[in-house]
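The chain is numbered in sequence order, starting from 1. As the structure is a prediction and not an experimental result, all values here were calculated from the model.
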Amino acid sequence: MASNTQHHELALPQFDAPVRLLAVVSPYYKDVTDGMLAGARATAQQAGAVFDVIEVPGALEIPTAVGMAARSGHYDGFVALGCVIRGETTHYDTVCNDSSRGLTLLGLQGVCVGNGILTVENLGQAQVRADPDGQNKGGGAAAAALHLVALSRKWAGARKDAAAPHDVIRLAGELEGQGKA
């Protein structure tokens, strides 16, 4: 079913300090992910970001690799790129749901990740979505990661500039830090 809705594209954020993005790619459908990678790379380049790429075996490994890389502290944001095409079994549902859930959980922990894992019915749908001159879902995932990096930096700066409120915690009837010596 075709959609007639138009998507409003946000301008890419501007950064005062360099941004390091890591694309985590499952090249199971290499022609598809190569197109997505080209779109993501172009978007990162447009924003002036450093763009590194690693490959993992499948879509289920993407959240794990993003999580490990996030803990390394070497990257500001992540672009998850892969393609899952419906087959004859329920494995499709597992891969779609679990890879998406993994990325969502990372995002809720503060990891700046753009989800570019395509979940489609057939190869034709994937090719249309992956085409950097078409729907450019790879570029969209990179743009999402960049926007999240910008928000993260904005709010991190606000925390540093504002005096941190001190919450008083009462433990066993005494204020924290006022125990008897």
Side-chain angles (χ1 to χ4, degrees), residues 9 12-13 15 17-152:
E9 290 190 27
L12 290 176
F15 296 97
V19 174
R20 290 191 62 92
L21 289 182
L22 176 66
V24 180
V25 183
S26 167
Y28 193 83
Y29 296 99
K30 188 162 175 36
D31 290 345
V32 172
T33 55
D34 282 353
M36 295 177 68
L37 193 54
R41 182 176 276 118
T43 298
Q45 185 176 25
Q46 185 180 350
V50 173
F51 189 76
D52 293 337
V53 179
I54 61 163
E55 291 185 355
V56 296
L60 287 174
E61 290 76 33
I62 292 173
T64 302
V66 168
M68 291 187 307
R71 287 187 294 279
S72 79
H74 292 121
Y75 295 96
D76 301 299
F78 303 90
V79 184
L81 299 175
C83 177
V84 185
I85 299 176
R86 185 179 299 279
E88 297 177 359
T89 69
T90 59
H91 184 66
Y92 169 86
D93 297 317
T94 298
V95 175
C96 294
N97 292 334
D98 290 354
S99 61
S100 179
R101 183 177 300 113
L103 294 175
T104 297
L105 290 172
L106 288 167
L108 292 172
Q109 294 170 16
V111 177
C112 301
V113 58
N115 184 350
I117 300 176
L118 300 178
T119 55
V120 295
E121 299 294 321
N122 56 58
L123 185 58
Q125 289 176 347
Q127 291 167 332
V128 167
R129 286 159 178 77
D131 184 352
D133 295 321
Q135 290 188 14
N136 194 18
K137 296 297 184 180
L146 289 163
H147 282 282
L148 291 171
V149 169
L151 285 174
S152 177

How close do [X] and [Y] get, heavy atom to heavy atom, and via which atoms?
{"X": "Ala126", "Y": "Leu118", "answer": "O-CD1, 3.7 Å"}
{"X": "Ala47", "Y": "Phe15", "answer": "O-CD1, 4.3 Å"}
{"X": "Pro18", "Y": "Asp76", "answer": "O-OD2, 3.7 Å"}
{"X": "Gly114", "Y": "Ala144", "answer": "CA-CB, 4.1 Å"}

Taking side chain to side chain contact (heavy atoms under 4.5 Å, CB included) as the test, write out the residues that go with [X], two or more places apart.
{"X": "Ala70", "answer": "Phe78, Val111"}
{"X": "Ala65", "answer": "Val24, Ile54, Val56"}
{"X": "Ala49", "answer": "Val19, Leu21, Ala44, Leu146"}
{"X": "Cys112", "answer": "Leu148, Val149, Ser152"}

Exercise. Any salt bridge (charged side-chain N to carboxylate O under 4.0 Å, His left out) pairs touching residues 57-67, not counting sequence neighbours?
Worked result: none
Working to the nearest 0.5 angstrom, can you tell me the gap between [X] [atom1] and [Y] [atom2]?
{"X": "Ile62", "Y": "Ser26", "atom1": "CD1", "atom2": "OG", "answer": "5.0 Å"}
{"X": "Leu81", "Y": "Met36", "atom1": "CG", "atom2": "CE", "answer": "4.5 Å"}
{"X": "Tyr29", "Y": "Asp34", "atom1": "OH", "atom2": "CG", "answer": "15.0 Å"}

Problem set entry | Flag side-chain contact, heavy atom, 4.5 Å: Leu123 against Ile85 | yes
For this session: Take Ile117 and Ser100 through the test side chain to side chain contact (heavy atoms under 4.5 Å, CB included) and record every step on the way to the result.
Result: CA-CA 8 Å; Ile117 300 176; Ser100 179; over 6 Å; no
Only pairs at least two apart or in different chains count here, so list each side chain to side chain donor-acceptor pair (under 3.5 Å) that has a residue in [range].
{"range": "residues 109-126", "result": "Arg86-Glu121"}
{"range": "residues 64-75", "result": "Asp52-Tyr75, Ser72-His74"}
{"range": "residues 38-50", "result": "none"}
{"range": "residues 126-135", "result": "none"}

Just distance, no hydrogens or angles: give the donor-acceptor pairs under 3.5 Å from side chains in residues 90-98, sequence neighbours left out.
{"residue": "Asn97", "atom": "ND2", "partner": "Asp93", "partner atom": "O", "Å": "3.1"}
{"residue": "Asp98", "atom": "OD1", "partner": "Arg101", "partner atom": "NH1", "Å": "2.8"}

Problem set entry | Criterion side chain to side chain contact (heavy atoms under 4.5 Å, CB included) on Leu37 and Val53, from CA distance to verdict | CA-CA 9 Å; Leu37 193 54; Val53 179; 3.9 Å; yes
Exercise. Under the salt bridge (Lys or Arg N to Asp or Glu O under 4.0 Å) test, which residues partner Asp31, sequence neighbours left out?
Worked result: none
